[in-house]
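Following: one structure in structure tokens, then a few remarks.
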Amino acid sequence: MALTKSIHGEWSSRFAYILAATGSAVGLGNIWKFPYITGENGGGAFVIVYLACVVAIGIPIMIAESMMGRRGRQSPVNTLVTLSEEAGANKNWHFLGWMGVIAGILILSYYSVIAGWASAYVFKAIFGGFSSDATVIKATFDELMASPVQLVFWHTVFMVATMSVVMRGVKSGLERAVQLLMPTLFALLIILVGYAMTTGEAYFKGLSFLFSPDFSEIDGDAVLTAMGHAFFTLGLGMGAIMVYGSYLPSGISIAKTSLYIAGADTIVALLAGIAIFPLVFANGLEPGAGPGLIFQTLPIAFGNMTGGWLFGILFFVLLVFAALTSAISLIEPVVAWLVENKEFTRVKASIISGIATWTLGVSVALSFNVLSDFKMFDKTIFDLLDYLTANLMLPIGGFCIAIYAGWIMQKKHVREELDLPEQQFKLWEVLVCYIAPGAVFLVLLDVIGIL
Ligand code: PFF
């Protein structure tokens, strides 16, 4: 018998859910990762492939994942147990929930370290301002990377902030935080785009880099990178949207809200690109600078421009906010499971999962300095965790979710939950049964080196 309500509480409105789920989707992936991978992959054509992946793979899987959450109304692990009982399916499907719980901890452990870099830059922006000299900026970044104390300190600050929001629970913690953070984020991005417009010719160079496609820049790897990023940026494949869906009251359209969320996520990524690339071109910087792009190059732009002190602060505050609303969704599946199965209070569950994640994160922070020579499979701890989660766990999770929603659950239950007009349902069905899992399968083949 399906639950009608989650024991953890519910979102107070459709808008609250949209804000929370958008908060989960919008994060470092949009503002830190999207610009640098777009820069590395030549711009416009990559953006088009990424957008196609969001539409054809991301949105159908997002609908599937939140639908499963709302039907099961528990943490992903227990939701899968309940749904499998209802569908008469093998109970071992709950491994999928477990993979999500583990992926959430692994991702948050390094996500928090990078969010820590952004927090450190807020501090640097406020108290030092940024130099206009590229070598000084690079030295500042290198100095941060070389300092275990600073990296661990900022990682700790970010984890404490995350867990103190999660502790308060769905209504007073998550919901209130995202209601404040998301609109602020949008406002800050619009201000930054407004500034980018004042860069004259560079603004048009930036726009043209982002939006005029040159398909000769695209190879198989770029397509697969774009596809993998669609998962990461929408926060799919590990139960984050599933657990948020489990707090969604009945009667709210899952398909419509998923479209809004994916739309908002995409707009933020594009706005970030529109804000960043004109600054990159105006200052003669390199679009393909890699993961250090925003930390090593944007401060030069902030150091050069009038009002750069303020814009620098705003930008990094924005990045920390965006990371925080994603971080709370990364840990929520774990916390919900501890509350359900171990009968912990939310506070105790948050502290325990926070400490576990923090501990792993310390090793990630150290992998940039004292542990930089410690390698497994030729990768540092940071590289390994990033590879394991983004390249393997999220795609495998997304593939299984598509298979589960498309092939394992009974059609009548899926129809009941989605409540879509027949033609739209059929379209979703084709996407979730064939297109999305087929495409993800190709990603996985690439990851294991068969393609
Ligand atoms: N979507 C987040 C970002 O773009 O930064 C990261 C993320 C959140 C990944 C939640 C996975 C997840 F379940």
Side-chain angles (χ1 to χ4, degrees), residues 19-38 50 53-54 58-59 61-62 64-66 68-69 75-76 96-118 158 162 165-166 174 178 181-182 185 189 225-226 228-246 258 261-273 291 294 318-336 353 357 385-386 388-398 400-401:
L19 279 177
T22 308
S24 161
V26 174
L28 295 171
N30 307 61
I31 296 165
W32 164 70
K33 198 170 180 188
F34 171 74
Y36 92 71
I37 58 175
T38 300
Y50 154 76
C53 293
V54 167
I59 293 174
I61 292 185
M62 183 180 268
E65 192 172 331
S66 32
M68 286 164 63
S75 67
L96 182 52
W98 274 112
M99 197 171 70
V101 164
I102 293 165
I105 292 178
L106 297 182
I107 294 175
L108 184 55
S109 72
Y110 70 82
Y111 203 83
S112 166
V113 172
I114 295 170
W117 301 358
F158 186 79
T162 303
V165 173
V166 173
L174 306 190
V178 290
L181 300 182
M182 288 310 296
L185 178 86
L189 262 182
T225 306
H229 186 61
F231 273 99
F232 188 83
T233 192
L234 294 174
L236 299 177
M238 57 136 283
I241 288 291
M242 198 183 292
V243 81
Y244 275 15
S246 77
S258 298
I261 295 157
D265 184 76
T266 308
I267 289 170
V268 170
L270 295 178
L271 284 178
I294 60 167
L318 176 156
L319 194 58
V320 175
F321 277 2
L324 185 63
T325 55
S326 299
I328 57 186
S329 76
L330 281 163
I331 200 75
E332 182 63 17
V334 186
V335 171
S353 53
T357 312
L385 286 176
D386 180 31
L388 189 69
T389 52
N391 292 5
L392 296 175
M393 295 177 93
L394 295 187
I396 292 173
C400 294
I401 285 166

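Remember, it's a predicted structure, so these values are computed and weren't measured experimentally. Just follow the structure's listing: the first ligand is 1, and inside any ligand the first atom is 1. Heavy-atom basis, side chains included; hydrogens, waters and symmetry copies ignored.
Here the side chain of Tyr111 pairs a donor or acceptor atom with the backbone of Leu28 at under 3.5 angstrom. Within the 3.5 Å criterion, the main-chain N or O of Gly23 finds a donor-acceptor partner in the side chain of Thr325. Ser24 contributes no side-chain N or O that, together with a main-chain N or O of Ala20, makes up a donor-acceptor pair within less than 3.5 Å. With hydrogens and angles disregarded, a donor-acceptor distance shorter than 3.5 Å links the side chain of Glu65 to the backbone of Gly237.
Taking the six-membered ring where tryptophan is involved, the planes of His229 and Phe34 are essentially parallel, since the angle between them stays under 30° and well short of 60°.
Taking Thr389 as the reference, Leu106, Ile107, Tyr110, Met393 meet the side-chain contact (heavy atoms from CB on, under 4.5 Å) condition, with sequence neighbours excluded.
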List, pair by pair, the atoms of ligand 1 and of the protein that are both N or O and lie under 3.5 Å apart, giving the separation rounded to 0.1 Å.
| unit_1 | atom_1 | unit_2 | atom_2 | d |
| --- | --- | --- | --- | --- |
| ligand 1 | 1 (N) | Ser24 | O | 3.2 |
| ligand 1 | 1 (N) | Ala25 | O | 2.9 |
| ligand 1 | 1 (N) | Phe232 | O | 2.8 |
| ligand 1 | 1 (N) | Thr233 | O | 3.1 |
| ligand 1 | 4 (O) | Ala25 | O | 3.0 |
| ligand 1 | 4 (O) | Gly29 | N | 3.3 |
| ligand 1 | 4 (O) | Asn30 | OD1 | 3.3 |
| ligand 1 | 5 (O) | Leu28 | N | 3.0 |
| ligand 1 | 5 (O) | Gly29 | N | 2.7 |
| ligand 1 | 5 (O) | Tyr111 | OH | 2.4 |

